[in-house]
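Right, one structure below, let's go through it.
Only heavy atoms go into these numbers, but all of them, side chains included; no hydrogens, no water, no symmetry mates. Note that this is a predicted model, so its numbers are computed, not measured.
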Amino acid sequence: VSSCFLVFFSVSLIACFSSFVTFSRSSRERAGAVCVVVWAGTSQAAYQSSYDAINFKPAVDATDYYTVYGSQTFKPWQGNLGFYLDYASRPLEFRGTGGTTGRQSVLDATAVADLYGAMGLANWFELGVNVPFVAYNWFYTPDVNADKDFGSGMGDLMVVTKFRFVDIDKHKIGFALAPYATFPTGDVVRYNGTGHIMVGGTLIVDFRPVKRFSASLNAGYLMRDDTTTNYVFPGGATSSIFMDDLFKFGAAMNYRFTQNFQGIIEAQGSTLASDFFQTSNTTSFEAGGGLRYYLGDTGLSFDAGGTMG
């Protein structure tokens with residue numbers, strides 16, 4: 001079960017890529033930074049979770065939102081770099097179901113730095129990537145001992161493509177498809193990685209009826225290996241969580257208060273495709289919002305916000 005409070009901060013910048021790198025003076029896109037973390041080895045190699053508890057996965061391109069995608073793509077050789085820092089309180093805990101009682105935090109707190117970027121390769125196609133670094137991870141082993149551990153390392157690398165079919169700038173409504181894949185670079189012991197390649201796709205429909213307001217709807221499917229995670233509560237009671245292919249969804253709105261100041265609200269979640277909202281311990285949902293400020297015409301923007309789920 002994922003049940004957490006999350007806060008995040010970001011800075012971003014648009015870039016134009018050619019034989020050399022220059023920075024445009026647009027106020028639409030996002031910014032780069034480098035985060036170095038130390039990989040911590042593990043003495044609990046027997047705990048292989050195959051479950052990624054990092055729920056905050058930022059949109060890698062110039063969207064008007066945080067985790068929800070808009071349909072617009074970069075023009076050829078234009079792109080962006082961005083950096084998010086997010087902190088989650090109790091992002092993962094196990095709870096007994098049926099006749100089993102008990103509740104135990106598995107991840108008590110995590111701090112993740114996401115370095116991301118995207119670049120247009122055609123007027124209707126772009127390619128992006130997100131690299132998560134787990135700077136801090138307060139982890140309890142999923143057994144009766146509940147040994148705690150403070151580690152750091154990588155999350156799963158994500159590569160995202162986007163094909164735009166309807167241009168929102170011309171029609172006030174946009175439509176796109178975003179296929180993506182994740183690669184097993186994350187720590188499977190501390191629930192920061194799945195241990196296998198996953199592929200999925202997201203359908204994107206967005207609207208901009210007036211210049212100040214935009215909204216987007218995302219719906220997608222993620223194919224992953226099925227896995228069962230068993231947990232032993234203090235006292236000997238056991239519980240298990242089954243994970244398989246996921247149906248994912250999201251919705252967001254952006255309102256531009258001034259030329260440089262925006263408010264954003266969004267919600268996103270997922271559920272097992274095989275039972276579709278029937279099992280609460282495999283259904284996640286988070287909602288929240290934040291503010292975005294563009295630093296004049298420099299291309300730099302700063303974000304701050306939070307979610308609860």
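Nearest heavy-atom pair, L291 versus G263, reported as atom, atom and distance to 0.1 Å: CD2-CA, 4.1 Å. Contact between F285 and A267 at its shortest, heavy atoms only, is CZ-CB, 3.8 Å. Listed here is the closest heavy atom pair of R212 and F257: NH1-O, 2.8 Å. Closest heavy-atom contact between G70 and S216: CA-OG, 4.1 Å. The two atoms that bring V199 and A181 nearest to each other are CG1-CB, 4.0 Å, heavy atoms only. What you find for N123 and P76 is that their closest heavy atoms are OD1-CD, 3.1 Å.
Atoms CG and OG1, on L157 and T182 in that order, are 8.5 Å from each other to the nearest 0.5 Å. Here the CD1-CD distance, from I204 to Q72, works out to 11.0 Å after rounding to the nearest 0.5 Å. Rounded to the nearest 0.5 Å, atoms OG (S284) and CG (N55) are 5.0 Å apart. Expressed to the nearest 0.5 Å, how far CD of E286 lies from CE of M308 amounts to 10.0 Å.
Taking 4.5 Å as the limit, every side-chain heavy atom of V188 sits out of range of all side-chain heavy atoms of T194. Using a 4.5 Å heavy-atom cutoff, the side chains of F125 and T73 are not in contact. Side-chain atoms of F83 and L85, non-hydrogen and from C-beta on, do get closer than 4.5 Å to each other. At a threshold of 4.5 Å between non-hydrogen side-chain atoms, the residues M154 and V131 count as touching. Within the 4.5 Å cutoff, the side chain of Y66 has heavy atoms near those of the I264 side chain. Side-chain contact between F74 and N80 is present, with heavy atoms from C-beta onward closer than 4.5 Å. In this structure the side chain of W124 reaches within 4.5 angstrom of the side chain of F163, judged on heavy atoms. At a threshold of 4.5 Å between non-hydrogen side-chain atoms, the residues S274 and D245 do not count as touching.
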Salt bridge (Lys or Arg N to Asp or Glu O under 4.0 Å), that's the test. Do R164 and D169 meet it? Break it down for me. CA-CA 12 Å; R164 190 199 68 212; D169 291 338; over 6 Å; no
Determine, stepwise, if the pair L246 / L272 fulfils side chain to side chain contact (heavy atoms under 4.5 Å, CB included). CA-CA 5 Å; L246 295 173; L272 276 181; 4.0 Å; yes
Applying side chain to side chain contact (heavy atoms under 4.5 Å, CB included) to E126 and T161, what does each step give before you reach the verdict? CA-CA 6 Å; E126 69 182 21; T161 61; over 6 Å; no
Take F175 and F165 through the test ring-ring contact (aromatic ring centres under 6.0 Å, His included) and record every step on the way to the result. CA-CA 6 Å; F175 179 68; F165 301 109; 5.8 Å; yes
Determine whether N192 and N137 satisfy the following criterion, side chain to side chain contact (heavy atoms under 4.5 Å, CB included), listing intermediate values before the conclusion. CA-CA 9 Å; N192 298 149; N137 202 35; 3.2 Å; yes
Verdict with supporting geometry, D114 and F56, side chain to side chain contact (heavy atoms under 4.5 Å, CB included): CA-CA 9 Å; D114 291 281; F56 185 80; 4.2 Å; yes
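Under a hydrophobic-cluster definition in which Ile, Leu, Val, Met, Phe, Trp and Tyr are linked whenever side-chain heavy atoms come within less than 4.5 Å, directly or via other members, V68 and M158 are assigned to the same cluster. Both L127 and V129 are part of a single hydrophobic cluster, where members link through side-chain heavy atoms under 4.5 Å apart. Linking Ile, Leu, Val, Met, Phe, Trp and Tyr residues whenever their side-chain heavy atoms come within less than 4.5 Å leaves Y255 and I168 in two separate clusters.
Side-chain contact, D206 with S71: a donor N or O sits under 3.5 Å from an acceptor N or O. Inspection of the Y69 and D61 side chains reveals no N or O donor paired with an N or O acceptor under 3.5 Å.
When atom types are taken as modelled, the side chain of R292 and the backbone of Y65 share a donor-acceptor pair closer than 3.5 angstrom. Counting only distance, with no hydrogens or angles, the side chain of D156 and the backbone of G186 share a donor-acceptor pair below 3.5 Å. Judged by distance alone, with hydrogens and angles left aside, the side-chain atoms of S89 form no donor-acceptor pair with the main-chain N or O of A109 at under 3.5 Å. Panel note: side chain K162, backbone G120; no donor-acceptor pair is recorded below 3.5 Å. Distance alone, capped at 3.5 Å, places no donor-acceptor pair between the H171 side chain and the V166 backbone.
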Cut-off 3.5 Å, no hydrogens considered: what does the side-chain donor-acceptor table look like for residues 247-254, sequence neighbours left out?
{"residue": "N254", "atom": "ND2", "partner": "D64", "partner atom": "O", "Å": "2.8"}
{"residue": "N254", "atom": "ND2", "partner": "Q262", "partner atom": "OE1", "Å": "2.6"}

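Ion pairing between a basic and an acidic side chain is recognised when a charged N comes within 4.0 Å of a carboxylate O; K57 and D52 show such pairing.
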